[in-house]
Amino acid sequence: MKLPRHSNEPTLRLFLLRMAMPIIGLTLLIAIATTGLLLWSTIQTDSVAVSRQQSLVALIVSKLESGVAHDQESVTVWDDAVTALRKRDDKWIDTNLGSWMHTYFGQDEIYILDPTDAPVYASIDGSKADPGSYTSIKGTTGRLVEDLRARLKRGDTEGVSEQVLTIGVADLAIVSGHPAIVSIKPVVTDSGNIAQVQGEEFLHVAIRFLDGNLVTSFRKDYFLDGARFSWVNLQSSAETSYPLHSRSGSTIGFFVWQPDRPGAFVLFQLAPILITLFGLVLGGVILGLIAFRRRSLKLRESEDRIFHLAHNDLLTALPNRGQFNERLADALMRLPSTGEQFAILYLDLDRFKQVNDSFGHPAGDELLREFADRLRRLTTEADTVARLGGDEFIIIRRSVGGEDDVKALCDRLIESARRPFEVSGMQVFIGLSVGCAFAPKDGLDQVELVRKADTALYHAKAAGRSSYAFFVPEMDQTLAMRKGLEQELRKALEVPGAIQVHYQPLYTADTKEIIGVEALARWSHADRGWVPPDLFIPLAEETGLIDQLGELVLRQACRDAAHWKIDTLAVNVSALQLNNPAFAMKVTAILLEAQMDPRRLELEVTESALLERRTECKHNIEALRHIGVRFALDDFGTGFSSLGRLQTLEVDRIKIDRSFVHGFGRSNGDEAIVQAIIDLARATGLSTTAEGVETESQCDYLRELGCDQLQGFLLSRPVPKMRLQELLDEEVLSRRASA
Ligand code: C2E
Ligand code: CA
Ligand code: CA
């Protein structure tokens, strides 16, 4: 009975697994890949930049070396210098070869060696010093001096050009605890006018420290941030270094600086933008997924709703006919493999129409919903309970053990329908009839099975309400007869004399005189003989022929009774007739036509007609009462109205149902009920008629109770018009005789 609803739980997991995670994962992957690529290009850019700067530093260092040599040549290629040295003109030497070099070119130490390599002059940090201090650096310069002398002697001129006028040697070395450029140049004539022996020139040794102010100028001149000298290759992650090698290949220290990292710079500029961008993309993706999820949930919901609407009854939410058919087909398909047997129970509410007519459709709906709930409670998950429409329901009872099983279920169903329904604040009593068919016993065809259950239902209804029946093949014939009957009733209504009216006299309880008659429809069928009204009246009501039939009976009865010497002509009227807006007018026309006094006509209606809410019904009753037509409440005690409501009903008489009269003498309290009805009717000013009087004792007892009129087989059966005429004549005769 459960709907195949989609649960949200596993679909959420599926959605996360199949959709959200891959998409978010892909987005993150793209983000990571992009970031990776960016980092890689940053690193590449930076390493290119760093290696460029390192080349720059290498160039600077070699430029420095050649620069020191170049600076030296401004004084070492000079006749005056050669002369001054030969003369040992100390003052001139100090001014031009020493302090000048310091102040102008920033050289830190200057030494001059004579042709024997003995120091003849020393200047340290711009001040003249003891030439003997040269010994402290001799270890560093010795080899260089030897090399230069050897080259000078050989007349080696390699490297001499327009810019470089003399050969020289230069190297990187540690001097006085400083990393330094050591450059040595011979002091030579510029004019060539002074004779000099190759290899025996004075040598000018210039030392330029690489730390200190030189490093500072680097920072400014070459934009080498944080440039410094370091003895060891220790640097922070932001720094890079360039090793300073001497000619012999030994490392004298490192030049360290913070290299320009354009890639990192760009990355830092881009990072916030990128992070925001990724955040936005990720947010967009997540929002998109949420929107997608919402939409697909909504879609699923509406699919569910459409599915539910297509497969379920709107009023009771039970499966509808379509779904029932699917389930039945399914059950039938499984039958051969499971070997089970199942039952189909066709349910129809008794008197539901009356509830609907009397209390209105909303009340009827309320009752149906309540009944559907009761059905749910009486069945199991394995069963299918469907509403076929109107007050018809159907149950597929799976895996039934046997007929007894189904009988027990039918009893429970009928019992539950018998319990009052609370509708519009009132307690309403209805009943239930059930027809059953079994598969495979009654067949394996879907349509056939349902039809057989329906046939059984029809028999259950015919057998008296609130009962059930199991299908047996003989039922088919009866149903076929009913179908035929409808056609024949239609025809009978057209053929004069086919429908006749019989009359059952109504007697005064005390004197047993005929005071009136009740007109009863009779159908004389060519083949079937007399068809009982209990069969054809409901048929006429169901098929809408009741208006025509009722009119025929009324017209005939009025014609017959117009000249009879009786007070009352009682005619039965169906509730359906009263709903016809033209009913009062038709009755009036018939009375006029028959020239009958309206005050002699008494219309017998059931409680359901009087409880009718429809204005047409009320108007009809009002209009007819206005011209003097009386109303009797038929079959009193069998409907759903209580004694308490008697006062509110607009009737002149009540007819106590024959079931109460038949109950006399059986200890079920019927006498007490009849007594109460009569007392109440008297108190309200209503007359009473007891129906179905069959014995003298019933007759006596009713008289004792104070009943006004009696009707029943004991006094007279319903008789044809001619016979009634005779009865009336006989009565006149006997009255005359007694008078
Ligand atoms: P009802 O209105 O209760 O009519 C009285 C029924 O009780 C008649 O049945 C009558 O034959 C039966 N009856 C009378 N005395 C006795 C008795 O002593 N014992 C028993 N067991 N029955 C008795 P009938 O003629 O078969 O009519 C059955 C029902 O059909 C009527 O019940 C009435 O509801 C309906 N009916 C008959 N003719 C008409 C008609 O022209 N129009 C409408 N709307 N309904 C009609
Ligand atoms: Ca009646
Ligand atoms: Ca009756």
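Whatever order the structure lists ligands and atoms in, that order sets their numbers, starting from 1.
Atoms of ligand 1 lying under 4.0 Å from at least one heavy atom of Val553, given by number and element, are 41 (O). Near Gly712, the atoms of ligand 1 lying under 4.0 angstrom from a non-hydrogen atom of the residue are 15 (N), 18 (O). Interface of Glu694 with ligand 1, defined as ligand atoms under 4.0 Å from a residue heavy atom, comprises 17 (C), 18 (O), 19 (N), 20 (C), 21 (N). Close approach of ligand 1 to Asp534 is summarised as follows: ligand atoms under 4.0 Å from at least one heavy atom of the residue are 28 (C), 29 (C). Near Pro533, with a cut-off below 4.0 Å to any heavy atom, the atoms of ligand 1 are 24 (P), 25 (O), 26 (O), 27 (O), 30 (O), 37 (C).
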Listing, residues 731-739 side-chain donor-acceptor contacts under 3.5 Å, not counting sequence neighbours, or none:
from, atom 1, to, atom 2, distance (Å)
Glu731, OE1, Ile514, N, 3.4
Glu731, OE1, Arg735, NH2, 2.9
Glu731, OE2, Ile514, N, 2.6
Ser734, OG, Glu731, O, 3.0
Ser738, OG, Ser734, O, 3.2
Ser738, OG, Arg735, O, 2.8

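Side-chain N or O atoms of Glu604 include none that pairs as donor or acceptor with a backbone N or O of Phe631 at under 3.5 Å. Looking at Glu518, its side chain never comes within 3.5 Å of a backbone N or O of Leu506 through a donor-acceptor pair.
Contacts between Gln504 and ligand 1, counted as non-hydrogen atom pairs separated by less than 4.0 Å, involve the side chain only. Neither the backbone nor the side chain of Leu549 has a heavy atom within less than 4.0 Å of ligand 1. Only the side chain of Glu691 comes within 4.0 Å of ligand 1, counting heavy atoms alone; its backbone N, CA, C and O stay farther away.
The side-chain tip of Arg321 does not point at the ring of Phe324 from less than 6.0 angstrom away and within 45° of straight on. Phe421 carries Arg374 over the face of its six-membered ring, with the cationic atom under 6.0 Å from the centre and within 45° of the normal.
Across the listed options Thr606, Ile537, Leu715, Leu710, Ile537 owns the non-hydrogen atom lying nearest to atom 35 (C) of ligand 1.
Heavy atoms of Glu541 stay at 4.0 angstrom or farther from ligand 1. Distances shorter than 4.0 angstrom occur between a heavy atom of Pro718 and an atom of ligand 1. The shell of residues lying under 4.0 angstrom from ligand 1, judged by heavy atoms, includes Arg522. Remark: distances from the non-hydrogen atoms of Gln711 to ligand 1 are all 4.0 Å or more.
Between Asp635 and ligand 1, at least one pair of N/O atoms sits closer than 3.5 Å. Taking only nitrogen or oxygen atoms, main chain and side chain alike, Phe713 reaches within less than 3.5 Å of ligand 1. Polar contact check, Ala521 against ligand 1: a nitrogen or oxygen pair lies under 3.5 Å apart.
Centred on the Ca ion (ligand 2), the OE2 atom of Glu518 and the OD2 atom of Asp634 lie at an angle of 170°, reported to 10°.
Side-chain atoms of Tyr346 and Glu392 include a donor-acceptor pair closer than 3.5 Å.
Within the 4.5 Å cutoff, no side-chain heavy atoms of Ile621 are placed close to those of Leu603. In this structure, the side chains of Asp560 and Gln556 come closer than 4.5 Å at one or more pairs of heavy atoms. In this structure the side chain of Ile430 reaches within 4.5 angstrom of the side chain of Val428, judged on heavy atoms.
Closest approach of Arg653 to Glu602, counting heavy atoms only: NE-OE2, 2.9 Å.
Separation of atoms CG (Asp652) and OG (Ser687) is listed at 7.5 Å; rounding is to 0.5 Å.
Among the backbone and side-chain atoms of Asp635, none of the N, O or S atoms lies under 3.0 Å from the Ca ion (ligand 2).
With respect to the Ca ion (ligand 2), Glu604 has OE1 as its nearest N, O or S atom.
Glu541 is linked by a side-chain hydrogen bond (donor to acceptor under 3.5 Å, both in side chains) to Ser574, counting only residues two or more places apart in sequence or in another chain.
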